[in-house]
Asker: 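My structure is below; once you've seen it, I'll send some questions.
Numbers restart at 1 for each chain; the letters A, B, ... are given by sequence-line order, proteins then strands.
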Amino acid sequence: MPMNDNAEFRPKIVAFCCNWCSYAGADLAGSSRLTYPADVKIIKVPCSCRVNPMFILRAFEKGADGVIMCGCHPGDCHYSTGNYYARRRMTLLFSMLDYIGVEHGRTRVEWVSAAEGVKFSATMNEFVEKIKSLGKNVRLGDLRCRS
Amino acid sequence: MQRIGVFVCHCGSNIAATVDVKKVTETALMEPGVVHAEDYQYMCSEAGQAKIAAAIAEKNLTGIVVCSCSPRMHETTFRTCAERAGINPYMVEIANIREHCSWIHKDVEEATKKAVILMRAAVAKVNLNTPLKPGESRVTKRALVIGGGIAGIQTALDIADAGYEVDIVEKTPSIGGRMSQLDKTFPTLDCSACILTPKMVEAAAHDKINIYTYSEVEQVSGFVGDFTVDIRKKARSVDMNKCTGCGLCQEKCPSKKTPSEFNRGLNTRTAIYTPFAQAIPNVPVIDREACIKFKTGKCGLCSKVCAAGAIDYEQKDEIITRKYGAIVVATGFDVIKLDKYDEYAYSQSRDVITSLELERIMNAAGPTKGHLQRLSDGREPKNIVFVQCVGSRCADERGKSYCSKICCMYTAKHAMLIRDKYPDVNVTVFYIDVRTPGKNFDEFYRRAVEEYGVNYIKGQVGKVCPEPDGSLTVYASDLLDNKQLRMSADMVVLAAAIEPSASVRQIATMLTASIDTNNFLTEAHPKLRPVESPTAGVFLSGVCQGPKDIPETVAQAGAAAVKAIGLLAKDKLMTNPCTAKADELMCNGCSQCANVCPYGAISYETRLVMGPGVRENRRVAVVNNALCQGCGACTVTCPSGAMDLQGFSNRQIIAEVDAICR
């Protein structure tokens, strides 16, 4: 099984980051030179509530091995309530994904403020390790998309 | 099809050292829609921007991707550049290959690969960008300042002097804040009240300033230029218009046992009280928890003695709703609770005090009339030990990780004042480091050591033990002599860490202003926009943003005022054009989007909908662009997929996902 050969496995990870908190947190991690693996690619969204479950399904379909969504801490949403909507949607989506075989570890929600560069980098390091331990995602992938 | 230009910035060596910029540029040319790609040392420079403008003109570009630093840094720069060169500013996207790539990866091959992917995602997005036009919104020419300490007073005065109306909301019965509790100020040893009270009077007398004391901000809605704020004016139980401030009610009040907040609980006050003699307004409040009339229904003495008939037991809280264009937060600080630091015996001995309590003891209007004495027995102390960094620069969970910044200086001040007035008192200061950066600060500290003979020992105090004879034994380490010390003291003064006021979290939530792990409000940019919150129209003044002393606070207060004035001076503001938009053909008017919209921006209209095979009057969602702030909650909620967010459309985000997973 190639899955055990984790040293070679470089996962594809999509991170949805809220413009007001975690995107700035990622910037702070960058300017503080706090490293995390290059496997993580960030997509900026105006708020975590902009993340449509469809985007996450799409990522898995296109071959992502893990998807993480970062938003403002509960109570700190720039739009007052957006992260609450996101939290509920993701809870439902993740349990559905788990049910169909995309393990819980492949999806994650984390609250990271603009001041938490350290937390951002630590979270990404942890998440990449977790995905590496889970190996390549085989569920949901659209075979037509495989190269 | 778009005609896209990709511009890759070296950022000196910031990007170029870890990302092969030539390779990113070459790869870009193979991306769909890309007709031009070039790299340059500093894209944000005038020469770099000229290259972008030239390429737009020469190659007739319709979209731009700049691979550079974070969009939070230069998105506006490049958008403005594109606009000047004749294309819509919203046709510009940034691939963040510095903060999110070159600065965090060391391996050139790996970083280059990632940079290429980030570039691809941005190109994929720009391919789907559409020109957007910002709307306009009006500006209410009135500012709100939350907090009436020196920061709030200074900000209000500066805004008011520029000709704009300002309201100050202060939660305590008087403005003045922490500074009014101080005795002297460093490094000049000015009397704190003497320099503060004239400003308080000036603010109260200013025809453009309106002060709400004993009031709190209850609710905030709206956005930059057009905030609506509910202010709860708590029942003072005294009619502000009738009261003459004679003070007779306070003299006669039989309920005298409430610890005085102003004097940090070192003495008591009456139930009807003004916090201090120079309070503004000089109108007392009745503390209803302590008042006998409110507790038992009997008494009413204050009402009987009040010649002006100002006492009003029936008074109720009042909600004032007002519109503001700008809001300045100046909520200040408090001293941390010391219950987690029991080794210093703060709860066990009345002679272990905080520095703020010492300020009250040293103050002529304080509980001891300015006489330095032990609170336990009233004796004059002979040996005083100061402990620095109590809860500051703390590695563990108990305290704060940051330096409180003011303690080294106020301790030097206290030590000097004590040695000056009581030359036979021995003063010892235990410190980790003495930090005195500031104009005339180090000179001040050196005077304490050299002229006033204050004994500074580098080392931490491990324990303070109250002894049966009333003295205190201090166990400490002397790091320079590498030995353990045990000394007897009559008084121990703790430089307790400062933290943002407890109310700041609630206020930040109402303002949707972001806050850091220590509850300090976050600035829009730590270096370039230090007095603005990331939330437009919200400005930061004083310690709510980070520890600072009085001169720094006053300087920042002025800076916050200038930013607020800059906003209030405008007649119209450009609104964010990245707003939601409903596709009439797909919308069936189910109302789910309106339910999740935090701004009430969505309404429904019956419109004639025409499309392939459709021609009917239908109820459809309509987004008010002036109200929509572009969060996107509605876009995900919409069951038919009719709602989309301009600038972050479903297709755009999916294109980015696809590019990353390719």
Side-chain angles (χ1 to χ4, degrees), chain A residues 10 12-14 16 19-21 23-24 26-56 58-64 67 72-73 75-82 85-86 89 113-116 119 121 145 147, chain B residues 69-73 94 96 98-107 110-111 113-114 117-118 121 125 221 505 508-510 512-518 520 522 526 534-535 576 578 596 598-599 629-637 641 645 647-648 650 653-654 656-662:
Chain A
R10 296 304 300 262
K12 282 181 186 169
I13 292 170
V14 180
F16 290 99
N19 173 46
W20 299 97
C21 53
Y23 193 88
D27 279 358
L28 183 59
S31 54
S32 318
R33 314 295 197 276
L34 299 163
T35 62
Y36 53 89
D39 309 318
V40 178
K41 316 285 188 304
I42 295 169
I43 294 178
K44 186 172 85 167
V45 285
C47 174
S48 51
C49 72
R50 176 65 188 99
V51 179
N52 197 315
M54 187 171 73
F55 302 157
I56 293 169
R58 177 79 168 202
F60 284 121
E61 187 190 330
K62 292 283 174 180
V67 178
C72 303
H73 286 270
D76 290 353
C77 176
H78 182 75
Y79 304 103
S80 309
T81 49
Y85 295 130
R89 286 170 189 155
S113 79
E116 291 175 323
K119 185 177 180 185
S121 145
C145 300
S147 48
Chain B
C69 52
S70 170
R72 290 162 46 81
M73 188 73 77
I94 309 285
N96 185 348
R98 190 178 77 173
E99 280 85 346
H100 293 185
C101 188
S102 71
W103 271 353
I104 46 167
H105 306 312
K106 297 220 162 63
D107 184 75
E110 205 172 57
K113 250 191 206 168
K114 179 169 175 179
I117 293 174
L118 295 176
K125 188 177 181 193
S221 60
R505 177 153 273 282
T509 303
M510 284 191 276
T512 68
S514 62
I515 211 167
D516 71 14
T517 34
N518 291 312
F520 288 113
T522 314
T535 301
N576 171 23
C578 295
V596 297
Y599 302 99
Q629 298 296 299
C631 67
C634 55
T635 62
V636 184
T637 297
L645 187 62
F648 292 93
N650 289 329
I653 296 174
I654 284 174
E656 286 180 271
V657 169
D658 289 359
I660 288 170
C661 298
R662 193 158 84 192

Asker: Checking heavy atoms, do the side chain of B:Ser102, its backbone, both or neither come under 4.5 Å from chain A?
Answerer: neither
Asker: Out of A:Ala64, A:Ser80, A:Ala59, which one racks up the most heavy-atom pairs below 4.5 Å with chain B?
Answerer: A:Ala59
Asker: With only heavy atoms counted, which part of B:Phe520 is less than 4.5 Å from chain A, the side chain, the backbone, both or neither?
Answerer: neither
Asker: Within the structure provided, determine whether A:Tyr85 and B:Thr637 are in side-chain contact (heavy-atom separation under 4.5 Å).
Answerer: no
Asker: Hey, which of A:Lys119, A:His73, A:Arg33, A:Met54 has the most heavy atom pairs under 4.5 Å with chain B?
Answerer: A:Arg33
Asker: Given heavy-atom pairs under 4.5 angstrom as the criterion, report whether the side chain, backbone, both or neither of B:Ile117 touches chain A.
Answerer: side chain
Asker: Just by distance, no angles: are the side chains of A:Arg58 and B:Asn650 close enough, under 3.5 Å, to form a donor-acceptor pair?
Answerer: no
Asker: Could you report the tightest heavy-atom contact between A:Cys49 and B:Cys631, atom names first, then the distance?
Answerer: SG-O, 3.6 Å
Asker: B:Met510, B:Lys114, B:Lys125, B:Glu656: which one forms the most heavy-atom pairs within less than 4.5 Å of chain A?
Answerer: B:Lys114
Asker: What distance separates B:Trp103 CH2 from A:Asp27 CG, expressed to the nearest 0.5 Å?
Answerer: 9.0 Å
Asker: Do A:Leu34 and B:Ile104 have side chains that approach each other closer than 4.5 Å (heavy atoms only, starting at C-beta)?
Answerer: no
Asker: Just verifying a value: how many Å separate A:Ser32 OG and B:Glu99 CD, rounded to the nearest 0.5 Å?
Answerer: 10.0 Å
Asker: Answer with side chain, backbone, both or neither: which region of A:Phe16 has an atom nearer than 4.5 Å to a non-hydrogen atom of chain B?
Answerer: side chain
Asker: What part of B:Ala633 lies closer than 4.5 angstrom to a heavy atom of chain A: side chain, backbone, both or neither?
Answerer: both
Asker: Taking every non-hydrogen pair under 4.5 Å, which of B:Leu645, B:Asn518, B:Asp658, B:Ile515 racks up the most with chain A?
Answerer: B:Asp658
Asker: Can you find a heavy atom in the side chain of B:His100 that is under 4.5 Å from one in the side chain of A:Val40?
Answerer: no
Asker: Find out whether A:His78 and B:Gln629 are in side-chain contact, i.e. whether some heavy atom of one side chain is under 4.5 Å from a heavy atom of the other.
Answerer: no
Asker: To the nearest 0.5 Å, tell me how far B:Asp107 CG sits from A:Thr35 OG1.
Answerer: 12.5 Å
Asker: I'd like to know which of B:Lys106, B:Arg505, B:Lys113, B:Arg98 tops the heavy-atom pair count under 4.5 Å against chain A.
Answerer: B:Arg505
Asker: Going through the checks in order, is the side chain to side chain contact (heavy atoms under 4.5 Å, CB included) test met by B:Ser514 and A:Trp20?
Answerer: CA-CA 8 Å; B:Ser514 62; A:Trp20 299 97; over 6 Å; no
Asker: Using a 4.5 angstrom heavy-atom cutoff, name the option from B:Val657, B:Ile653, B:Ile654, B:Ile660 with the most pairs to chain A.
Answerer: B:Ile653
Asker: For the interface with chain B, which of A:Ala115, A:Ser31, A:Ala29 has the highest count of heavy-atom pairs at distances below 4.5 Å?
Answerer: A:Ser31
Asker: Between A:Val67 and chain B, with a heavy-atom cut-off of 4.5 Å, which part of the residue counts as in contact: side chain, backbone, both or neither?
Answerer: neither
Asker: When rounded to the nearest 0.5 angstrom, what distance separates CD in A:Glu116 from OG1 in B:Thr522?
Answerer: 9.5 Å
Asker: What's the separation between atom OG in B:Ser70 and atom CG in A:Leu28, rounded to the nearest 0.5 Å?
Answerer: 11.0 Å
Asker: Show your working on side chain to side chain contact (heavy atoms under 4.5 Å, CB included) between B:Asn96 and A:Tyr23 and close with a plain yes or no.
Answerer: CA-CA 11 Å; B:Asn96 185 348; A:Tyr23 193 88; 3.3 Å; yes
Asker: Taking all heavy atoms of B:Val636 and all of A:Pro53, pick out the closest pair and write down the distance.
Answerer: CG1-CD, 3.6 Å
Asker: Do you know the tightest heavy-atom contact between A:Pro37 and B:His105?
Answerer: C-CE1, 3.6 Å
Asker: So, do A:Lys62 and B:Arg662 sit near enough that their side-chain heavy atoms are less than 4.5 Å apart?
Answerer: no
Asker: Can you name the nearest heavy-atom pair linking A:Thr81 to B:Pro598, along with the distance?
Answerer: OG1-CB, 4.0 Å
Asker: Tell me, side chain or backbone of A:Tyr79 under 4.5 Å from chain B's heavy atoms, or both, or neither?
Answerer: both
Asker: Do any N or O atoms from the side chain of B:Arg72 and from the backbone of A:Ala24 form a donor-acceptor pair under 3.5 angstrom?
Answerer: no
Asker: Looking only at heavy atoms and a cut-off of under 4.5 Å, which of B:Cys101, B:Ala513, B:Pro71 has the most pairs with chain A?
Answerer: B:Pro71
